[in-house]
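First the structure, in the form of structure tokens, and then the observations on it.
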Amino acid sequence: MKKLFTVLLSVLMILSLAACSSSSADSTPAADTSAAKISEATSIADLSGFKVAAQTGTFHVDALGQIDGVVASTLPDFTDLLIALKAGTIDGYVAEEPTALAVCGSDPELTYLPFVNNSTGFTATDEDTGVAVGLVKGSDLTAQINEILADLTVDVQRELMSEVIAITNGETVTSFVLESETPANPVGVLKVGMECAYEPYNWTETGANSYGCVPISGEGKDGLYANGFDVQVAQYVANKLNMSLEVYSLEWDSLIPAVQSGTVDAIIAGMSPTAERATQIDFTDCYYNSNLVVIIRAGE
């Protein structure tokens with residue numbers, strides 16, 4: 001009898017363990033065992049549930065708000081976003097397509113989701129995704145610079161962007177499609193503000209390492225140079241205005257106050273002429289337009 005009782009007790013324990021195991025398996029969310037990959041997203045709707053970030057103070061934050069169910073966050077600049085992505089803190093971040101081409105072209109561990117604005121991607125106007133020169137309200141330079149920018153046809157814009165992206169990817173460039181003669185006797189100085197940290201629009205170099213780079217002006221900037229799409233546009237505009245160019249490296253949130261106060265004459269920094277910004281400063285016509293994309297880790 002005692003032996004039979006022991007056998008029955010063992011059977012009951014096995015059945016109990018099996019039931020607990022079954023209950024535990026049933027309560028485990030499917031996402032834990034077969035999570036979708038962000039690389040498989042074909043539209044922004046597929047980003048729901050993923051951790052996606054954007055740079056503070058940009059239209060990218062507004063675009064991020066268009067994704068239902070996304071775990072959204074913001075970081076101060078693109079360097080922070082890149083570090084967070086590579087560390088796995090975020091699954092991706094919103095960027096302009098040229099930025100993705102520059103970043104991913106030099107790092108095989110990264111790729112991007114090539115959405116199309118207003119189709120599979122974000123709802124955005126040309127002003128949201130374009131970049132323009134920012135100037136103080138009522139500036140006479142607005143009309144003058146618009147005349148100069150008229151030379152930048154879409155073909156010229158695309159070719160110049162390809163050339164500066166080639167530099168970020170380690171290629172040697174010895175000329176640009178957008179070239180102009182430096183004035184022998186410049187009249188005045190065009191002071192331009194930009195982050196110098198937003199490839200391929202603008203970046204910082206230690207030393208004159210690439211064709212067309214320009215010294216960064218300001219205290220403590222000795223030996224630092226700026227280059228990129230914005231720098232080449234700024235140089236072209238300054239030459240056409242018969243002025244010399246000075247580039248100043250400023251934090252993103254400081255750019256508009258700097259032009260309002262007269263610290264710089266213009267912002268040429270990959271800045272979109274959004275309606276909100278247009279209440280604070282004037283903008284020229286756009287000198288480049290692109291799609292918004294999401295930069296991610298390759299294969300994830």
Side-chain angles (χ1 to χ4, degrees), residues 53-58 60 75-87 93-107 110 131-134 160-176 178 182 189-239 244-259 263-272 287-288 290 295:
Q55 184 183 13
T56 307
T58 67
H60 300 169
L75 290 168
D77 57 49
F78 265 68
T79 302
D80 295 327
L81 290 167
L82 185 59
I83 291 172
L85 176 62
K86 300 191 79 170
Y93 64 88
V94 182
E96 305 285 343
E97 190 166 28
T99 301
L101 289 169
V103 171
C104 300
S106 58
D107 190 337
L110 302 177
V131 293
V133 180
L160 178 61
M161 184 60 80
S162 294
E163 290 166 346
V164 296
I165 288 175
I167 293 176
T168 67
N169 291 340
E171 298 178 33
T172 300
V173 172
T174 57
S175 66
F176 290 123
L178 191 68
T182 303
V189 176
L190 181 67
K191 297 181 179 180
V192 173
M194 60 184 70
E195 286 181 286
C196 298
Y198 183 34
E199 292 185 353
Y201 290 96
N202 52 77
W203 67 79
T204 298
E205 297 180 1
T206 303
N209 300 320
S210 62
Y211 177 79
C213 62
V214 174
I216 297 177
S217 300
E219 186 176 350
K221 301 299 182 180
D222 292 346
L224 298 180
Y225 290 75
N227 207 347
F229 189 86
D230 291 327
V231 175
Q232 298 314 311
V233 170
Q235 186 66 77
Y236 186 81
V237 168
N239 289 348
S244 58
L245 173 66
E246 288 182 0
V247 170
Y248 290 84
S249 177
L250 302 171
E251 296 291 332
W252 178 260
D253 290 341
S254 301
L255 289 171
I256 289 179
V259 82
T263 301
V264 297
D265 303 307
I267 300 167
I268 305 182
M271 180 174 283
S272 300
Y287 59 88
Y288 196 81
S290 69
I295 299 176

If every non-hydrogen atom of [X] is compared with every non-hydrogen atom of [Y], which pair is closest and at what distance?
X      : Y      : value
Ala238 : Leu245 : CB-CB, 3.9 Å
Leu255 : Ala269 : CD1-CB, 3.9 Å
Leu81  : Gln55  : CD1-N, 3.8 Å
Ile165 : Pro98  : CD1-O, 3.9 Å
Ala234 : Leu190 : O-CD2, 4.4 Å
Ala54  : Val94  : CB-CB, 4.4 Å

> Sequence neighbours excluded, which residues qualify as salt bridge (Lys or Arg N to Asp or Glu O under 4.0 Å) partners of Asp107?
Replying inline: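 Partners of Asp107 by the salt bridge (Lys or Arg N to Asp or Glu O under 4.0 Å) criterion, ordered by chain and then number, come out as Lys86.
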> How long is the span from the CG atom in Leu82 to the CG atom in Leu110, to the nearest 0.5 Å?
Replying inline: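 The CG atom of Leu110 is 6.0 Å from CG of Leu82, to the nearest 0.5 Å.
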> Once you round to the nearest 0.5 Å, how far does CD of Glu163 lie from CD1 of Ile167?
Replying inline: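 Glu163 CD to Ile167 CD1: 8.0 Å, rounded to 0.5 Å.
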>> Which residue is it: Gln235, Glu199, Gln232? I am looking for the one with a side-chain hydrogen bond (donor to acceptor under 3.5 Å, both in side chains) to Asn227.
In response: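 By the side-chain hydrogen bond (donor to acceptor under 3.5 Å, both in side chains) criterion, Asn227 pairs with just one of Gln235, Glu199, Gln232: Gln232.
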>> Asp230 and side-chain hydrogen bond (donor to acceptor under 3.5 Å, both in side chains): which single residue from Trp203, Tyr287, Tyr201 fits?
In response: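 Option passing the side-chain hydrogen bond (donor to acceptor under 3.5 Å, both in side chains) with Asp230: Tyr287.
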> Partners of Asp265 by side chain to side chain donor-acceptor pair (under 3.5 Å), sequence neighbours excluded?
Replying inline: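 Result, side chain to side chain donor-acceptor pair (under 3.5 Å) vs Asp265: none returned.
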>> For Tyr93 and Phe78, take the angle between the two ring planes, folded into 0 to 90°, and tell me which bin it lands in: parallel under 30, tilted 30 to 60, perpendicular over 60.
In response: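 The rings of Tyr93 and Phe78 stand perpendicular, inter-plane angle above 60°.
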So [Y] and [X], do their side chains get closer than 4.5 Å, heavy atoms only?
X      : Y      : answer
Tyr211 : Phe176 : yes
Val192 : Val264 : no
Leu224 : Pro215 : no

> Given Val247 and Met194, is the side-chain contact (heavy atoms from CB on, under 4.5 Å) satisfied, shown in steps?
Replying inline: CA-CA 7 Å; Val247 170; Met194 60 184 70; 4.0 Å; yes
Quick check: does any side chain N or O of [X] sit under 3.5 Å from a backbone N or O of [Y], one acting as donor and the other as acceptor?
X      : Y      : answer
Glu205 : Cys213 : no
Thr204 : Cys196 : yes
Ser106 : Ala102 : yes
Trp252 : Gly57  : yes

>> Whether the Tyr198 and Asp77 side chains hold a donor-acceptor pair (N or O, under 3.5 Å, no angle test) is what I'd like checked.
In response: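 No, because no side-chain N or O of Tyr198 sits under 3.5 Å from a partner of the opposite role on Asp77.
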> Where do Tyr248 and Lys221 land on the side-chain contact (heavy atoms from CB on, under 4.5 Å) test, with the steps shown first?
Replying inline: CA-CA 9 Å; Tyr248 290 84; Lys221 301 299 182 180; over 6 Å; no
>> Is there a side-chain contact (heavy atoms from CB on, under 4.5 Å) between Cys104 and Ile295? Walk through the geometry before answering.
In response: CA-CA 8 Å; Cys104 300; Ile295 299 176; 4.2 Å; yes
> After noting the C-alpha distance and the side-chain angles of Asn202 and Glu195, does the key distance pass the side-chain contact (heavy atoms from CB on, under 4.5 Å) rule?
Replying inline: CA-CA 7 Å; Asn202 52 77; Glu195 286 181 286; 3.9 Å; yes
>> Working note: Ser290 + Glu96, criterion side-chain hydrogen bond (donor to acceptor under 3.5 Å, both in side chains); need CA distance, chi angles, decisive distance, verdict.
In response: CA-CA 7 Å; Ser290 69; Glu96 305 285 343; 2.7 Å; yes
